[in-house]
Amino acid sequence: MSATPNVETNELPHRYTAAYANAVEVKWQESLRWPDGKGYGYRQPNPGEAGFDASKPKFYCLDMFPYPSGAGLHVGHPEGYTATDIICRYKKLKGFNVLHPMGWDAFGLPAEQYAIQTGVHPEVTTKKAIDNFRRQLQRFGFMYDWSREFATIDPDYYRWTQWIWLLAYESWFDPSVRKARAISELAARFARENAEIAVAASGAAKKWSDCTRREQQAHLDTFRLAYLGTQTVNWCPKLGTVLANEEIIDGRSERGGHPVKRMPLKQWMFRITSYADRLLEDLALVDWPEMTRTLQTEWIGRSEGAEIRFAVEGDGEPLSVFTTRPDTLFGATYMVVAPEHPLVARAISRGNSGKLAEYVSWAKNRSDIDRQASKEKTGCATGLFAINPATGARIPVWTADYVLMGYGTGAIMAVPAHDERDFEFAKAFALPIVQVVEIDGVAFTGEAATAGEGRAVNSANAATVSINGLTTADAKKTVIAWLEKQGIGALRVNYRLRDWLFSRQRYWGEPFPIVYDADGNHYPVSVASLPLTLPPLADYSPVESDVPQPPLAKAREWTHTTAGAAGVDPALLPANTPVVRETNTMPGWAGSCWYYLRYCSPKDSSHFVSPEAERYWMLSRKKSVADAPAPTSYDAATCPAGGVDLYVGGSEHAVLHLLYARFWHKMLFDLGHVSTPEPMGKLFHQGLITSYAYQRADKTLVPNDQVEERGEGNFVETATGAKVAQIVAKMSKSLKNVVNPDDVIAEYGADTFRLYEMYMGPLEASKPWNTRDIVGVFRFLQRAWRLAVDERTGELLCAASADPKIEKLLHRTIHKVGEDIERLSFNTAIAAMIELLNAATRPTGMTDPAQGGMTRDQLERFARILWPFAPHFADELGSKLGVKGGLNGGFYASAWPSHDAALLVDDEVEMPVQIQGKIKARLMVPTKADAAAVEALALAHADVIAAIAGRPVKKVVVVPGRMVNIVV
RNA sequence: GCCGGUGUGGCGGAACUGGCAGACGCAGCGGAUUCAAAAUCCGCCGCCCCCUAAAGGCUUGCAGGUUCGAUUCCUGUCACCGGCACCA
C-alpha cells in the first residue's frame with residue numbers, strides 16, 4: 001500500500017489506507033483517553049464502587065505480565081495479548097464484568113547489569129522501558145483497565161510481597177492437617193505439652209519450659225515455611241557473584257575464566273517440599289494443558305519406596321538409603337554414596353587411602369557438562385563395609401558421582417542384577433551380581449540388568465524373613481513390614497522437588513524485611529514498618545571478595561541500624577539494639593507469584609488484596625450451577641478451584657513460575673487470605689512466532705539482508721549467488737529476521753496487525769511470520785470498508801433491502817464467530833467473516849450501490865462481531881452507522897448480536913453417494929428426510945444405477961445430512 | 001537415551017464427535033475495466049495420465065491394521081520441534 005500514488009489518495013480520500021487506518025486508530029484511542037492521560041477507554045469498577053453491576057457474572061482474564069526490556073515489544077507479545085483482548089471484548093458484549101489488567105515484572109538482571117556499566121539507577125532505565133511498553137500496548141488498542149496497572153518495583157506493591165514473605169516466616173506446615181498454620185500456634189502447643197525438644201547447640205533433648213527463649217526460637221526456626229538454610233553455592237570472588245552451574249566451565253567462570261569456589265552460604269529458603277503432595281494432587285482440579293501438568297508432575301517427582309538403614313563397620317552412624325525397590329534388598333551386593341556424602345569425609349579423615357581423596361576432589365570439580373557428556377561409571381572404594389541386614393553379608397561401600405547428593409539420602413544400595421546403572425558399575429569394578437527377581441519371559445543371563453517387576457527369588461534368610469515367590473508388589477510390602485519390625489527402615493515417599501532457594505546476591509530485587517543481631521539471630525521487621533525500600537547506591541558493581549558480599553552490603557548506613565529504627569517489635573528486641581539488615585534480595589519470581597491477586601484491588605493500602613474484591617474476582621460458581629447465588633466461601637463441589645478464569649502465556653513458564661505461584665497461593669489459602677485453592681483455572685500457552693531464515697548447503701545460516709529472491713521460491717546469497725534454502729527459525733538479531741511491531745503498525749495499522757497474528761494459524765501452534773501474507777487481512781478490512789463507505793465521499797453505502805441469502809449467512813457467521821472465540825479458534829472465526837464479506841461484495845459493474853452489499857442493520861451486526869478483532873475499524877464504521885456511544889464510546893457498551901437458530905439449517909442438503917467408498921453421484925435431499933427415504937432416492941439415481949451396473953447391493957449405509965455409502 | 005508434540009497443495013492453514021480432504025488467505029494463471037498502469041471486480045488453481053476434453057487413477061510423512069468408510073482410531077517406522085537428562 002505504501003506504493004499507492006498520492007493521486008489516488010486525493011481522488012479517494014475515504015479509502016481505508018494505512019494512513020487512514022492509523023489516523024482512525026489514534027483518533028479513537030485519544031477520544032477515549034482519560035483526563036489523567038495514563039490510560040484510555042475502559043475501567044472495570046469493583047464491587048462497592050460506582051458503576052459496578054452486581055447482577056453480571058465475572059470473567060477474570062490474565063496475560064502473563066511482561067518484563068519491560070529496553071528493546072521494546074517484539075511480535076510475540078501481542079499474540080497472546082490480542083487473543084485475550086478478543087475474548088475479553090467478546091465476554092464484555094456477552095454481559096460479563098471483565099477484569100483484564102496489565103502490569104510489569106520489573107525487577108531483574110538486565111537493568112542491574114546496565115546500572116553496573118553506566119551507573120544509571122535501574123529504576124530510571126526500568127521506568128523508561130515501562131513507558132515505552134505501555135505506549136506500544138496502548139497503540140494496539142488492547143482493552144486493559146489501565147487504572148489497575150502497577151509494577152513489581154513499586155514500593156506500594158513490594159511492600160506486600162515483603163508482607164507475604166513475613167507471613168511465610170511466621171508460619172509452619174502442620175502435616176497432621178496438611179496445611180500451613182501460624183507459628184504462634186506451634187509455640188503455644190510446645191508450651192502446653194511442655195514437649196521435649198532437641199536443642200541445637202548440645203544435641204540433647206530438653207523440656208520446652210527449661211529452654212531459654214533463644215533455644216525455643218531456634219527450635220521454632222526449624223519449622224518456618226520461610227527459613228534460613230545452608231546451601232552450597234558457586235562463588236566467584238573476582239566477579240563478586242554467585243554463578244549457576246551452567247555458567248561454570250572446568251571450575252572457572254564462563255565469563256572471564258576466573259576461579260570459582262564452592263562454598264556453603266546461609267540463605268533464605270521456602271519449604272515448598274511440604275506442599276509437594278498438594279501441588280501434585282491439585283493438578284487434577286485445573287483446566288491446564290496436559291503437557292504442563294505432566295511437566296509439573298515430573299518436576300515434583302514423587303516416588304514411593306523405603307528408607308533402609310545399613311550398619312557400617314567402624315562407623316557410628318548407620319548409612320541410610322532410599323530405594324523404590326525394597327524387594328531387591330537381598331540382591332544388594334554393595335553400596336554407593338555421593339562424593340559429597342559425610343561418610344566419605346569420615347573415611348578420608350581416617351586416612352584410608354590417598355586415592356579416595358583424589359577421586360572425591362576430581363568428582364566434585366567435574367562440571368555438569370563433563371558429567372553429562374559421558375555416562376561411563378567412575379568411582380572409588382571407601383574402604384568401609386556395610387552389613388546387608390537381609391543376608392548378613394559384608395558388602396563394600398563405594399563412592400561414585402552417579403549417585404547425587406541432592407536426591408534421596410545421597411546414598412544407594414546397589415542391586416546390579418536389576419538396575420542398569422548399578423549393573424554397569426558392577427561390571428566396571430568387578431563387583432558381585434546376584435539375581436533376586438525373576439521376570440516372566442525374560443531370562444536373566446548376567447549380561448544385562450533386568451529392571452522390571454516379577455517374582456522374588458534367592459530372597460530368604462534363615463530366621464526372620466522370606467519373600468521367595470512373592471510378586472514385586474507383595475515383596476515390597478513384606479520387606480517394609482520386616483524392616484519396620486527390625487527398626488532399621490520404613491515406608492518412605494521421596495520427591496525430586498527440593499526446597500526453593502529464595503535469596504539472591506543482587507541489588508535490583510525486593511529487600512528482605514529481616515535484621516540480625518550481633519550473634520547472628522534473625523528478627524522480622526514489623527508489618528507496620530513496611531515497605532522496606534531499596535537504598536540507592538553510588539556504584540552498583542559487585543564487590544570483589546572471598547566471602548560473598550551482595551551489593552547491598554555497600555549501603556553501610558542502611559544496613560547498620562538499630563532494632564527500633566528498623567521497626568523490629570520491641571518485645572522481640574530492645575529498640576536500641578544494634579542490628580544489621582539482610583543484604584540478599586528476593587529473586588525475580590517473588591513479584592510474579594501473586595500479582596494476579598493485587599490486580600483485584602491494586603490501590604488498597606491496608607490489605608495485600610481487599611477481601612471483598614478478591615472474593616468477587618477469584619471465587620465463582622461452576623458453569624453447571626451458575627444460577628446459584630454467588631458463593632461466600634470455597635466449596636469444592638460447586639466452585640472452580642482456580643480463581644483466574646483464563647491465564648495466557650508462554651510455555652517457558654510451565655514449571656517454575658506456575659509452581660511457585662501455586663505454592664504461594666496455597667499458603668495464602670491455608671492462612672485464610674484467599675478464597676480458592678488454586679490461582680489459575682484455565683491455562684493456555686500461545687505458540688512461538690518464528691521467522692524465515694536462510695541456510696547454505698553446509699547448514700550455516702545467512703542473515704536475511706544478505707539473501708535475495710530470484711524467481712519464485714528461489715533464494716540466493718547475494719554475495720556469492722549460491723542457492724540457499726528457506727527454513728523456519730526463531731527470530732534473532734543476528735539473523736536480521738526480527739519483526740518490529742511499530743513498523744508493521746505504520747505500514748498497515750494496528751487492526752491489521754491484530755487480525756494477521758490471529759489469522760496466521762492456531763493460537764497454540766508455533767508459526768512463521770510471513771510479511772507477504774499480511775496484505776490478505778489488510779485487503780479484508782479495505783473491502784469491508786468499501787462495502788459500507790463511499791471511498792470518494794465517505795458516505796454510507798447500504799443495501800436498500802436485506803438479501804435473504806446474506807441474512808442467513810450473517811446469522812451463521814454470528815454463530816460461528818461466537819463459538820470460535822469461545823474455543824480460542826480465531827483463525828477460523830476470521831475466515832468465516834471473510835466468507836461473509838465475499839458473499840456480500842458488490843460486483844464491479846453495479847451502478848446502484850443500494851442494489852447490493854448489506855443493509856445498515858446488517859452492517860451494524862457485522863461490525864459488532866468484528867469489533868473484538870479490529871476494534872478501531874469496527875467503532876469507526878459503527879459511528880458512521882449512527883451507533884450511539886455508550887459510557888465509554890463505540891461498541892463497548894453494546895451486546896453480542898443474536899442469531900436465529902432456525903436459519904442455521906437449510907431446507908435441502910446435497911449428499912454425496914459413494915459406491916465402495918468412492919463418490920459416484922450427488923443428490924439434493926430434504927434436510928428432514930429419514931435414512932430410508934434417502935436410501936430410496938440414492939438407489940433410484942441414474943448415475944448410481946449405472947455405477948452399480950446390476951451387481952447385487954449388499955449394504956447401504958446412510959448418515960443423514962452427511963453421505964450415503966453403497967456396498968455391492 | 002527417556003517423555004511430549006507435530007507431519008495435509010508452491011506457502012500459512014481448514015476439516016470441532018470415524019462421514020464430500022484442501023474452507024479462508026498468500027503466491028500463481030486467465031479475463032473484465034483502463035489510452036496504459038496501479039487499484040478494483042470476476043474466474044481458474046493438489047498430483048498423474050491426456051493435444052484437449054470426457055472419463056480414469058493417485059493423494060493428508062512412510063508401511064501395515066480395524067471399518068461400509070480413516071487426515072481422524074490401533075501397531076510399527078521415519079523426520080522435525082520442545083522438554084528432561086545417571087532421580088536409585
Side-chain angles (χ1 to χ4, degrees), chain A residues 1 3-5 7-8 11-12 15 289-292 294-295 298-299 301 303 305 321-325 328 336 368 371-372 374-377 400-404 406-415 419-422 424-425 494-496 651-652 654-655 688 690 692 712-713 726-728 756 759-762 764-777 779-780 782-783 786 791 819-820 823 825 827-835 838 841-846 910-919 922 954-959 961-968:
Chain A
M1 267 324 298
T4 306
V7 185
E8 286 302 323
E11 279 175 13
L12 301 171
R15 185 179 172 79
E290 199 54 50
M291 178 197 71
T292 305
T294 305
L295 283 175
E298 285 172 0
W299 189 263
S303 58
V321 303
F322 173 73
T323 176
T324 55
R325 293 294 299 270
T328 62
V336 187
D368 285 9
R371 283 197 187 193
Q372 282 165 26
S374 136
K375 294 256 151 96
E376 217 159 284
K377 296 288 178 288
D401 67 355
Y402 84 91
V403 172
L404 311 173
Y407 185 79
T409 62
I412 61 159
M413 63 175 209
V415 184
D419 182 284
E420 227 164 272
R421 297 153 300 179
D422 296 346
E424 279 174 33
F425 190 81
N494 197 50
Y495 301 91
R496 205 188 81 116
S651 57
E652 65 272 21
V655 179
L688 195 68
T690 54
Y692 288 114
E712 193 58 28
Q726 189 182 49
I727 59 158
V728 169
Y756 173 61
Y759 191 62
M760 288 169 78
E764 67 274 22
S766 151
K767 40 207 177 282
W769 182 278
N770 189 355
T771 304
R772 187 188 265 173
D773 287 346
I774 305 171
V775 73
V777 285
R779 290 207 278 245
F780 162 62
Q782 280 192 315
R783 293 172 58 221
R786 193 178 303 124
E791 294 185 308
E819 270 197 337
D820 284 354
R823 61 188 184 100
S825 179
N827 53 334
T828 52
I830 295 167
M833 289 189 283
I834 295 175
E835 282 185 78
N838 287 346
T841 298
R842 296 180 190 88
T844 311
M846 187 174 279
E910 188 194 65
M911 279 174 64
V913 182
Q914 300 176 339
I915 300 191
Q916 314 291 66
K918 307 265 180 207
I919 295 166
R922 293 176 180 282
K954 285 196 193 128
K955 188 174 177 182
V956 180
V957 181
V958 179
V959 183
R962 288 288 187 181
M963 44 62 72
V964 180
N965 193 11
I966 298 169
V967 188
V968 292

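Labels below follow one simple rule: chain letters A, B, ... track the order of the sequence lines, proteins then strands, and each chain is numbered from 1.
Within the 4.0 angstrom heavy-atom criterion, only backbone atoms of the sugar-phosphate kind lie near A:N827; the bases stay farther away. Among the atoms of the strands shown, none is found under 4.0 Å from any heavy atom of A:S825. Within 4.0 Å (heavy atoms only), A:R786 reaches sugar-phosphate atoms of the nucleic acid but no base atom. Among the atoms of the strands shown, none is found under 4.0 Å from any heavy atom of A:K954. Backbone-only contact: A:E298 has heavy atoms under 4.0 Å from sugar-phosphate atoms and none from a base. Residue A:R922 is classed as a base contact, given a heavy-atom separation below 4.0 Å to a base. Heavy atoms of A:V967 sit under 4.0 angstrom from primed sugar atoms or phosphate atoms, though from no base atom. Nucleic acid contact for A:Y692: sugar-phosphate only, since backbone atoms but no base atoms lie under 4.0 Å from a heavy atom of the residue.
Contact between the side-chain N/O atoms of A:R421 and the OP1/OP2 oxygens of B:A85 is not found at any separation under 4.0 Å. One finds a side-chain N or O of A:K918 lying less than 4.0 angstrom from the OP1 or OP2 phosphate oxygen of B:C58. Contact annotation: A:S303 side-chain N/O to B:A88 OP1/OP2 distance is under 4.0 Å. In this structure, A:N838 reaches the B:G25 phosphate: one of its side-chain N or O atoms is under 4.0 Å from OP1 or OP2. A sub-4.0 Å separation between OP1 or OP2 of B:C87 and a side-chain N or O of A:N494 is absent.
Across all strands shown, B:G12 forms a Watson-Crick or G-U wobble pair, both distances under 3.5 Å, with B:C24. Judged by Watson-Crick or G-U wobble contacts below 3.5 Å, the nucleotide B:U17 has no partner. As the counterpart of B:G1, B:C84 is assigned, both hydrogen-bonding distances of the Watson-Crick or G-U wobble pattern falling under 3.5 Å. Base pairing annotation: B:U6 forms a Watson-Crick or G-U wobble pair with B:A79, both donor-acceptor distances under 3.5 Å. Using the Watson-Crick or G-U wobble rule with both distances under 3.5 Å, B:G64 pairs with B:C74. Using Watson-Crick or G-U wobble geometry with both donor-acceptor distances under 3.5 Å, B:A32 finds its partner in B:U40.
Rounded to whole Å, atom C1' of B:G13 lies 14 Å from atom CG of A:D820. Distance CD1 (A:I966) to C1' (B:G19): 15 Å, rounded to an integer number of Å. One interatomic measurement links the two molecules: CD1 of A:I834 to C1' of B:G25, which rounds to 6 Å at whole-angstrom precision. Counting to the nearest Å, the P atom of B:C86 and the CZ atom of A:F322 are 17 Å from each other. The CZ-C1' distance, from A:R783 to B:C41, rounds to 9 Å in whole Å. Atoms CD1 (A:I727) and P (B:C11) sit 16 Å apart, rounded to a whole Å. A straight line from CD1 of A:I830 to P of B:G12 spans 18 Å, rounded to a whole angstrom. Remark: P of B:C81 and CG of A:L688 are 13 Å apart, rounded to the nearest angstrom.
Of all nucleotides listed (B:G13, B:C20, B:A27), B:A27 comes nearest to the side chain of A:R772. Comparing B:C41, B:G25, B:C86 by their closest approach to the side chain of A:Y759 singles out B:G25. For A:R496, taking side-chain heavy atoms from C-beta onward, the closest of the listed nucleotides B:G13, B:G25, B:C84 is B:C84. The side chain of A:R962 lies closest to B:G19, out of B:G4, B:G19, B:G12. In the set B:U40, B:G12, B:G13, the nucleotide with an atom closest to the side chain of A:D773 is B:G12. Taking only side-chain atoms of A:Q782, from C-beta outward, the nucleotide of B:C16, B:C41, B:U40 with the closest atom is B:U40. Of the candidates B:A27, B:G13, B:A21, B:A21 carries the atom nearest the A:I919 side chain, counting heavy atoms from C-beta on. Of the candidate nucleotides B:A88, B:C41, B:G19, B:G19 has the atom lying nearest to any side-chain atom of A:M963. Side-chain atoms of A:A831 lie closest to B:C24 of the nucleotides B:C24, B:A14, B:A27. Each of B:A88, B:C20, B:C68 was ranked by its minimum atom distance to the side chain of A:K955; first place goes to B:C68.
Residue A:M760 holds its CE atom at 11.5 Å from CD1 of A:I830, rounded to the nearest 0.5 Å. Atom OH of A:Y759 is separated from atom CD1 of A:I774 by 14.0 Å, given to the nearest 0.5 angstrom. In this structure, A:R421 CZ and A:K377 NZ are separated by 8.0 Å, a value rounded to the nearest 0.5 Å.
For the pair A:A832 and A:G761, nearest-nucleotide mapping onto RNA chain B gives the more 5' position to A:G761. The nearest heavy atom of RNA chain B to A:Y495 and to A:E910 marks one nucleotide each, and the one closer to the 5' end goes with A:E910.
Heavy-atom contacts from other residues, nucleotides or ligands closer than 6.0 Å to CD of A:E910 number more than 12. Applying the 6.0 Å contact sphere to CD of A:E764 captures more than 12 heavy atoms from other residues, nucleotides or ligands.
Taking the C1' atom of each, B:C20 and B:U75 are spaced 29 Å apart, rounded to whole Å. Nucleotides B:A23 and B:C44 are separated by 12 Å at their P atoms, to the nearest Å.
Glycosidic conformation, B:G9: syn, with the torsion inside 90° of 0.
Contact check for A:Q916 versus A:V967: side-chain heavy atoms found under the 4.5 Å cut-off. A:I412 is listed as a side-chain neighbour of A:Y402, based on a closest heavy-atom distance under 4.5 Å. Contact annotation: the side chain of A:R823 approaches that of A:T828 to within less than 4.5 Å [non-hydrogen atoms, C-beta and beyond].
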